[in-house]
> 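Attaching a single structure in structure tokens format; questions to follow.
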Amino acid sequence: MLGTWPCPGDAGPELALSCDTGSDTRILILPALFEEGNKLRHFTVEVMRELEQRGIDSFLPDLSGCNESTAPMAAQTLVAWQEQARAAAEHFGATFILTVRAGALLDPGHIAGLRYAPLDGAGVLKSLLRARVMSDREAGIESDREALLEDGKHNGLMLGGYDLGAQMIVQLAEAELPRGPATGLAQSAIGGGALWLRAEPSHDAEQAQKLAAIVSEAVG
């Protein structure tokens, strides 16, 4: 069900996709970020549907600047998103966390959970900068990843179609995976090729079913 949640920030309420049947098990899903978030959106929603069939509620909140948010992406920071993730955990009464890729950077750190193929901030920027350099080359522009990163730390940078502000880039460059009770889950545990490596957004029903089964077992 599509609704809203009281996301902290100047934009006010943001959208949230919820599978809420009143179950005692309530999973907050923190999705992949930026381009990987687009590629894995369908997959993430299908995991929620699989969890619902297993009697498990789940919640996928939008953060400021993401998806249909009216907040400008350039104004967003990783720290603000982390605060919003903590607020979402409280609002939805989360008893478990499932993070996807760099969504692990937003883990509130006080709730048990699984981090699916977690990615730190440096890894996020490496992927985005590699794609930017390749895109520039195709356009006949010679660019250097390190030079782009340094410029982005002072002036912000357009990466993967996202207008990232200087604060976001600086914070990502320094962001390590937070400590907490959530455990990592490698792609090899799911099987199949990593969907975020595909050229276009895609889906794999078997992977969604496998991930949901692992999550269901983890929450008991």
Side-chain angles (χ1 to χ4, degrees), residues 5 7 14 16-19 25-52 54 56-67 76-128 168 171-172 174-190 194-197 203-204 207-219:
W5 77 283
C7 178
E14 300 287 2
L17 186 63
S18 302
C19 293
T25 305
R26 303 171 68 80
I27 298 179
L28 176 67
I29 299 180
L30 299 173
L33 304 181
F34 309 119
E35 184 180 15
E36 288 191 353
N38 289 332
K39 290 184 177 180
L40 294 172
R41 183 74 176 185
H42 183 186
F43 171 78
T44 304
V45 172
E46 291 302 323
V47 170
M48 294 178 69
R49 290 173 176 161
E50 290 288 337
L51 290 171
E52 185 177 28
R54 292 167 169 80
I56 298 172
D57 291 349
S58 60
F59 307 87
L60 179 62
D62 279 357
L63 304 177
S64 293
C66 300
N67 299 315
Q76 306 311 310
T77 68
L78 186 64
V79 169
W81 281 356
Q82 290 167 337
E83 293 173 352
Q84 291 172 12
R86 286 191 288 270
E90 181 177 355
H91 174 73
F92 292 110
T95 60
F96 196 86
I97 298 285
L98 173 63
T99 72
V100 181
R101 296 292 283 161
L105 295 172
L106 311 181
D107 185 340
H110 66 285
I111 303 173
L114 289 174
R115 296 174 178 174
Y116 170 45
L119 184 66
D120 64 14
V124 174
L125 286 175
K126 181 179 179 180
S127 177
L128 290 172
M168 176 67 83
Q171 290 171 8
L172 282 171
E174 299 173 350
E176 299 179 352
L177 296 175
R179 296 182 179 181
T183 58
L185 180 69
Q187 174 63 29
S188 58
I190 304 299
L195 298 179
W196 59 87
L197 296 178
H203 176 55
D204 187 318
Q207 290 193 41
Q209 292 166 4
K210 179 63 174 179
L211 180 54
I214 292 173
V215 172
S216 179
E217 182 177 356
V219 299

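By convention here, the first residue in the shown sequence is residue 1. None of these values were measured; they are calculated from a predicted model. Scope of the values below: all heavy atoms of this structure, side chains included, with no hydrogens, waters or symmetry mates.
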> How many angstroms lie between CG in L17 and CZ in R49, if you round to the nearest 0.5 Å?
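Between L17 CG and R49 CZ, I get 7.5 Å after rounding to 0.5 Å.
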> If only side-chain N and O atoms count, and only distance matters, is there a donor-acceptor pair under 3.5 Å linking Q187 with Q207?
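Side-chain D/A pair, Q207 to Q187: present.
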> So, taking the atom named CH2 in W81 and the one named SG in C66, what distance separates them when rounded to the nearest 0.5 Å?
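Nearest 0.5 Å value for the CH2-SG distance: 4.0 Å.
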> Between SG of C19 and CG of L60, what distance do you get to the nearest 0.5 Å?
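CG of L60 is found 9.5 Å from SG of C19.
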> At what distance, to the nearest 0.5 angstrom, does CG of L78 lie from CG of L172?
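L78 atom CG to L172 atom CG measures 5.0 Å (nearest 0.5 Å).
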> Sequence neighbours left out, what passes ring-ring contact (aromatic ring centres under 6.0 Å, His included) with H110? Give chain and number order.
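In terms of ring-ring contact (aromatic ring centres under 6.0 Å, His included), with neighbours along the sequence ignored, H110 is linked to no residue.
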> Holding to side chain to side chain contact (heavy atoms under 4.5 Å, CB included), I want the full list of residues that pass it with I111, two or more places apart in sequence or in another chain.
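I111 satisfies side chain to side chain contact (heavy atoms under 4.5 Å, CB included) with A89, A94, I97 once adjacent residues are dropped.
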> Looking only at heavy atoms, what is the nearest atom pair of Q82 and L106, with distance?
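So the two residues come closest at CG-CD2, 3.9 Å.
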> Before giving the answer on side chain to side chain contact (heavy atoms under 4.5 Å, CB included), spell out for F43 and L211 the whole-Å C-alpha distance, their side-chain angles and the decisive distance to 0.1 Å.
CA-CA 10 Å; F43 171 78; L211 180 54; 3.9 Å; yes
> Could you state the interatomic distance from CG (L30) to CZ (F59), rounded to the nearest 0.5 Å?
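Going from the CG atom of L30 to the CZ atom of F59 covers 13.0 Å.
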> Taking salt bridge (charged side-chain N to carboxylate O under 4.0 Å, His left out) as the cut-off, I'd like each qualifying pair that reaches into residues 177-186, sequence neighbours left out, listed once.
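Applying salt bridge (charged side-chain N to carboxylate O under 4.0 Å, His left out) to every pair that reaches into residues 177-186, excluding sequence neighbours, yields nothing.
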> For R86, is there an ion pair with E90 - N to carboxylate O distance below 4.0 angstrom?
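Result for this pair is no, no salt bridge flagged.
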> K39 versus L195: any side-chain heavy-atom pair under 4.5 Å?
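A side-chain contact is absent here, since even the closest heavy-atom pair is not under 4.5 Å.
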> Would you say S64 and Q84 are linked by a side-chain donor-acceptor pair, where the criterion is simply a distance under 3.5 Å?
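Q84 vs S64: donor-acceptor pair found between side chains.
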> Specify the closest pair of heavy atoms between R101 and A32, including all atoms of both residues, with the distance to one decimal.
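Closest pair (atom of R101, atom of A32, distance): CB-CB, 3.9 Å.
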> Parallel under 30°, tilted from 30 to 60°, perpendicular over 60°: which one fits the rings of H91 and W5?
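Correct class here is tilted.
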> Minimum heavy-atom separation for R115 to A182, with atom names?
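For R115 and A182, the tightest heavy-atom pair comes out as NE-CB, 3.8 Å.
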> To the nearest 0.5 Å, what is the distance between OG (S18) and CZ (F92)?
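So the gap between those two atoms works out to 4.5 Å.
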